[in-house]
Amino acid sequence: MKKVILEAQQLLRETGVENPRVEVTKDPRYGEVSSSVAFELAKKLKKPPLEIAEEIVSRIDFSRANVITVAEVAKPGYINFKINWKLFAQDILDDVLKNGRAYGFPNIGAGKHVLIEHTSVNPNKALHIGHARNTCLGDTLYRLFKRLGYSVVIANYIDDSGNQMADLHIAFKKLGYSLSPPKGERFDEYCGRIYAEVNKIIENNADLLQEKRRVIAELENVGSETFKFNREIVDLVLKDQLSTCWRLGARYDILNRESDVLAFNLWSEVFESLKERGLVYYAEEGPKKGCWLISLSEHPVLSKEGDEVLVKSDGTTTYVARDIAYAAWKLGILRRDFKYNRWGKNPDGSYILITEMDGKVSFPIGKASLVVNVIDSRQKRPQAIVKYAVEKLGGGGGSYIHFAYEVVSLSKRDAEKLGISTGGRFVQMSGREGIYINVEPVINLLKERAKEEILKRHRDWSREKIEDVSEKIAVATIRYELLKSDAEKMIIFDSEEASKLEGDTGPYLLYSYVRAARILEKASIKEFTTTPYNEELEEAEKNLIRKIAYMPLIMEEVANLLLIKRIASYANELAKMFNDFYEKCPVIGSKENIMQFRLALVKAFKQVFENVCSVLGLPLPEEM
RNA sequence: GGGCCCGUAGCUCAGCAUGGACAGAGCGGCGGCCUCCUAAGCCGUAGGGCGUGGGUUCAAGUCCCACCGGGCCCGCCA
């Protein structure tokens with residue numbers, strides 16, 4: 001498709017138009033690509049656009065064109081280019097079938113390195129549906145960059161210090177909670193539940209509050225009993241959390257414990273640099289007396305809300321301070337580095353490393369040209385401070401991006417199911433208040449629904465096959481649901497709505513793929529040809545080919561703008577075009593030359609669809 | 001008080017970055033389509049003029065300003 005645009009621009013340039021703007025039309029009635037240069041020139045030349053367009057078109061030398069056949073002038077002054085479909089279709093299908101898995105992914109990332117942090121759920125609870133949004137977004141970015149040729153490292157920040165961990169300590173050590181959850185409940189779910197219970201108790205008890213402060217301080221004491229016990233709990237929760245992430249299709253390279261940002265002295269190195277550059281100051285008096293603050297007075301926006309405390313008067317660091325150190329490390333501008341031990345393996349067999357003081361493994365991350373941090377949009381201000389700080393520290397030439405996404409809230413209906421009354425349309429999730437819906441039960445519900453559907457049509461399937469396919473459908477459904485909406489918009493989650501399997505959903509996508517698989521399986525002949533059977537193809541065929549041709553443009557655009565939902569819409573459009581083709585253009589049973597071409601088209605669709613879904617992380621069953 | 005995000009059909013949302021050709025989907029409503037490659041599908045029909053008011057422009061859902069409504073953030077919490 002890009003070729004067509006370039007060709008049109010070239011033709012226009014040859015008539016004397018400078019920098020002609022050519023874009024893909026949104027309606028095929030206007031040809032494949034069109035230009036509105038006549039409007040831009042109208043003012044300069046003081047002539048009506050229509051006249052200018054006519055003149056330009058009359059000057060185009062079509063003998064120099066390849067795939068473009070003709071240009072037409074339309075109503076107010078557009079120039080619409082039409083193409084030789086026979087050539088175009090064959091070109092696209094050849095491209096897809098020749099490149100296979102690689103089709104649609106321009107190699108724009110060769111030699112570039114990206115670090116992505118995502119998930120980063122506090123290790124005191126199970127993933128709720130909002131955390132799943134983070135994981136799916138981050139994992140999709142990983143998949144996209146990887147396919148575009150970037151080298152990518154995935155980090156998961158483990159906040160193992162502070163408040164939320166202290167609450168669990170008190171629950172286990174002082175309030176008599178057992179370390180083993182009741183039968184049927186996972187450890188991460190269990191911790192999430194007791195965290196909410198215990199938090200209320202502690203907040204209303206002065207003795208426990210004091211104990212909590214003691215625990216928080218002890219947590220920074222590397223090697224203490226409290227420190228060790230904490231690592232035990234964190235590890236158990238992490239195991240469960242990551243099994244959920246894996247189920248969602250995500251993978252990780254490194255787990256960075258927040259406590260280790262201090263333990264490995266990354267913070268002290270950064271603190272020294274900040275002091276050297278005069279970016280921080282010590283408050284001698286006033287309400288922040290005894291604190292070290294970062295000066296934000298030079299920042300146009302942040303300055304309006306005052307400077308930020310990095311080191312508290314008791315000498316401990318704030319979350320923002322530790323995050324600045326972590327960010328500087330990510331950008332590769334620190335001398336110091338973490339050490340790791342192997343923590344486990346991803347389902348793909350790759351190792352996951354975790355920071356450890358006496359770790360044996362080094363994992364130099366190098367200089368990232370791009371550091372992407374998938375963090376919800378409530379943290380925009382702290383993230384802006386982090387970005388400001390690392391840029392002042394030299395930034396290493398890479399760019400630090402806060403990929404902000406809105407939270408997931410619960411619908412009124414779901415909130416009421418949890419026994420929460422609300423006047424509004426939705427209610428914010430809160431781990432501390434026990435207002436959340438975990439993602440595992442949602443996937444399980446989807447899986448049950450999928451099984452019911454499978455049983456309706458495949459009474460003869462084995463249990464294993466039903467398990468496998470229903471799991472794929474469930475995962476595809478939840479991922480698509482979380483990826484298709486604008487990251488900047490809040491999702492109001494309603495389990496009833498989300499468990500639908502019809503319409504603009506994951507199953508709709510999978511279904512089109514399965515239909516394609518069936519055609520290829522059942523076709524009596526295996527020979528195919530990318531040469532169209534006719535000068536004029538059916539509209540449905542053209543629409544499908546056109547959509548297939550867009551893929552490289554979409555992928556490159558998304559990599560630049562990080563607009564993930566655009567991949568999701570693209571997948572949906574592809575599926576829609578295929579379903580339309582499926583209804584209107586019989587493959588099996590048509591005349592041999594038609595069948596051979598359509599088989600090639602179905603093959604191409606299946607390949608492209610597989611490529612797109614591999615980026616979205618939607619697992620594809622061959623039957624459903 | 002300051003900063004940020006959102007406001008498009010009854011409901012859920014796409015389209016806004018690079019303004020352009022009649023404003024699109026899904027769900028729900030109504031009416032159709034399984035002797036034919038899986039109907040988790042397809043087709044038709046009703047339904048909005050894009051929160052409001054200004055402005056820029058040949059052209060504004062898309063850009064600018066103000067206002068209204070909803071949400072988030074401004075802690076020696078993370």
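Proteins get letters first, then strands, A, B, ... in listed order; numbering begins at 1 in each.
- With salt bridges taken as basic N to acidic carboxylate O contacts below 4.0 Å, none links Arg213(A) and Glu218(A).
- Distance check on atom P: A9(B) versus G51(B) gives 8 Å, rounded to whole Å.
- Contacts of Ala42(A) with the nucleic acid, taken as non-hydrogen atoms under 4.0 Å apart, are absent.
- For Arg546(A), the salt bridge (charged side-chain N to carboxylate O under 4.0 Å, His left out) partners two or more places apart in sequence, or in a different chain, are Glu32(A).
- Glu23(A) comes within 4.0 angstrom of no nucleic acid atom, judged by non-hydrogen atoms across all strands.
- Comparing G28(B) with C43(B), their P atoms sit 15 Å apart, to the nearest whole Å.
- With P as the reference atom, G29(B) and G24(B) are 24 Å apart, rounded to whole Å.
- Residue Pro586(A) is classed as a base contact, given a heavy-atom separation below 4.0 Å to a base.
- With sequence neighbours excluded, no residue forms a salt bridge (charged side-chain N to carboxylate O under 4.0 Å, His left out) with Lys312(A).
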For nucleotides 57-65 of chain B, list the nitrogen or oxygen atoms of the protein found under 3.5 Å from its nitrogen or oxygen atoms, one pair per line.
none

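- Residue Lys522(A) has no polar side-chain atom (N or O) positioned under 4.0 Å from OP1 or OP2 of C37(B).
- As a whole-Å value, the separation of His458(A) NE2 from A39(B) P is 11 Å.
- For the pair Arg322(A) and A78(B), the criterion of a side-chain N or O lying under 4.0 Å from OP1 or OP2 is met.
- The ring-ring contact (aromatic ring centres under 6.0 Å, His included) test applied to Tyr480(A) returns no partner, not counting sequence neighbours.
- A salt bridge does not link Arg449(A) to Glu453(A): none of the charged side-chain nitrogens sits closer than 4.0 Å to a carboxylate oxygen.
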Pick out the pairs of N or O atoms, protein on one side and nucleotides 41-43 of chain B on the other, that lie under 3.5 Å.
| unit_1 | atom_1 | unit_2 | atom_2 | d |
| --- | --- | --- | --- | --- |
| G41(B) | OP1 | Gly503(A) | N | 3.2 |
| G41(B) | O2' | Arg515(A) | NH1 | 2.6 |
| G41(B) | O2' | Arg515(A) | NH2 | 3.1 |
| C42(B) | OP1 | Tyr508(A) | OH | 2.7 |
| C42(B) | O4' | Glu583(A) | OE2 | 3.2 |

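- The shortest distance between the side-chain N/O atoms of Arg381(A) and the OP1/OP2 oxygens of C5(B) is not below 4.0 Å.
- When heavy atoms are screened at a 4.0 angstrom cut-off, Asn560(A) is found touching no nucleic acid atom at all.
- Taking atom CG of residue Asp323(A) and atom P of nucleotide C77(B), one finds them 16 Å apart after rounding to whole Å.
- Distance Leu509(A) CG to U38(B) P: 19 Å, rounded to the nearest Å.
- Of the side-chain N and O atoms in Lys312(A), none sit less than 4.0 angstrom from OP1 or OP2 of G75(B).
- In a base pair of the Watson-Crick type (N1 to N3 plus N6-O4 or O6-N4) or a G-U wobble (N1-O2 and O6-N3), with each distance short of 3.5 Å, C67(B) is matched with G51(B).
- G1(B) is paired with C74(B) under the criterion used here, namely a Watson-Crick or G-U wobble arrangement in which both key atom distances are under 3.5 Å.
- When the P atom is used for both C16(B) and C64(B), the distance is 15 Å, rounded to whole Å.
- The residue Ser377(A) sits apart from the nucleic acid: no heavy atom pair falls under 4.0 Å.
- Listed by chain and residue number, Tyr78(A) satisfy the ring-ring contact (aromatic ring centres under 6.0 Å, His included) test with Phe39(A) (two or more places apart in sequence, or in another chain).
- When rounded to the nearest whole Å, the span between CD of Glu406(A) and P of C4(B) equals 15 Å.
- When the P atom is compared between C11(B) and G54(B), the two are found 26 Å apart, to the nearest whole Å.
- Across all strands shown, Pro48(A) has no heavy atoms under 4.0 Å from either base or sugar-phosphate atoms.
- Residues satisfying the salt bridge (charged side-chain N to carboxylate O under 4.0 Å, His left out) criterion with Glu211(A), sequence neighbours excluded, are Arg214(A).
- Here Glu406(A) does not pair with Arg378(A) in a salt bridge; the nearest charged N to carboxylate O distance is not below 4.0 Å.
- Below the 3.5 angstrom threshold, one finds a donor paired with an acceptor across the side chain of Ser34(A) and the base of A21(B).
- Checked by atom type, the side-chain pair Arg425(A)/Ser409(A) shows no donor-acceptor distance below 3.5 Å.
- At a threshold of 4.0 angstrom between heavy atoms, the contacts of Arg598(A) with the nucleic acid are absent.
- Comparing the C1' positions of C37(B) and U45(B) gives an interatomic distance of 29 Å, to the nearest angstrom.
- The environment of NZ in Lys591(A) is sparse: at most 12 heavy-atom neighbours from other residues, nucleotides or ligands sit within 6.0 Å.
- Between the side chain of Gln379(A) and the base of A78(B) there is no donor-acceptor pair of N/O atoms closer than 3.5 Å.
- Closest approach to the Glu305(A) side chain among U38(B), G15(B), C74(B) is made by C74(B) (side chain taken as heavy atoms from C-beta onward).
- Base-pair partner of U12(B): A25(B) (Watson-Crick or G-U wobble, both distances under 3.5 Å).
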- Message: Please evaluate residues Glu258(A) and Tyr326(A) with respect to the criterion side-chain hydrogen bond (donor to acceptor under 3.5 Å, both in side chains), reporting the C-alpha separation (whole Å), side-chain torsions for both, the decisive distance (0.1 Å), and the verdict.
- Response: CA-CA 8 Å; Glu258(A) 191 180 62; Tyr326(A) 186 42; over 6 Å; no
- How does protein reach along nucleotides 6-14 of chain B, written 5' to 3' as B (base within reach of a heavy atom under 4.0 Å), S (only sugar-phosphate), or - (no contact)? SS----SSS
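- Counting any heavy atom pair closer than 4.0 Å across all strands shown, Val301(A) reaches sugar-phosphate atoms only and no base atom.
- Under the rule for a ring-ring contact (aromatic ring centres under 6.0 Å, His included), the partners of Phe605(A) that lie at least two apart in sequence or sit in another chain are Phe578(A), Phe609(A).
- Pairing of G19(B), defined by two Watson-Crick or G-U wobble distances under 3.5 Å, is not identified with any nucleotide.
- Under the ring-ring contact (aromatic ring centres under 6.0 Å, His included) criterion, Tyr405(A) pairs with no residue, sequence neighbours left out.
- Within 4.0 Å of Val587(A), counting heavy atoms only, lies at least one base atom of the nucleic acid.
- At a threshold of 4.0 angstrom between heavy atoms, the contacts of Arg378(A) are confined to the sugar-phosphate backbone, with no base atom among them.
- When both distances must be under 3.5 Å, the Watson-Crick or G-U wobble mate of G44(B) is C30(B).
- Taking atom P on both nucleotides, C22(B) is separated from G61(B) by 12 Å, rounded to a whole Å.
- Nucleic acid contact for Ile454(A): base, since at least one base atom lies under 4.0 Å from a heavy atom of the residue.
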Let me check something: any side-chain donor-acceptor pairs from residues 566-577 of chain A under 3.5 Å, sequence neighbours excluded? List them with distances.
| unit_1 | atom_1 | unit_2 | atom_2 | d |
| --- | --- | --- | --- | --- |
| Arg566(A) | NH1 | Glu557(A) | OE1 | 3.0 |
| Arg566(A) | NH1 | Glu557(A) | OE2 | 3.4 |
| Ser569(A) | OG | Lys565(A) | O | 2.9 |
| Tyr570(A) | OH | Lys547(A) | O | 2.7 |
| Tyr570(A) | OH | Met551(A) | N | 3.4 |
| Asn572(A) | ND2 | Asp504(A) | OD1 | 3.0 |
| Glu573(A) | OE1 | Lys547(A) | NZ | 3.0 |

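- Going from the C1' atom of C13(B) to that of G48(B) covers 14 Å, rounded to whole Å.
- Annotation: side-chain hydrogen bond (donor to acceptor under 3.5 Å, both in side chains) contacts involving residues 281-294 of chain A, sequence neighbours excluded, comprise Tyr281(A)-Asp307(A).
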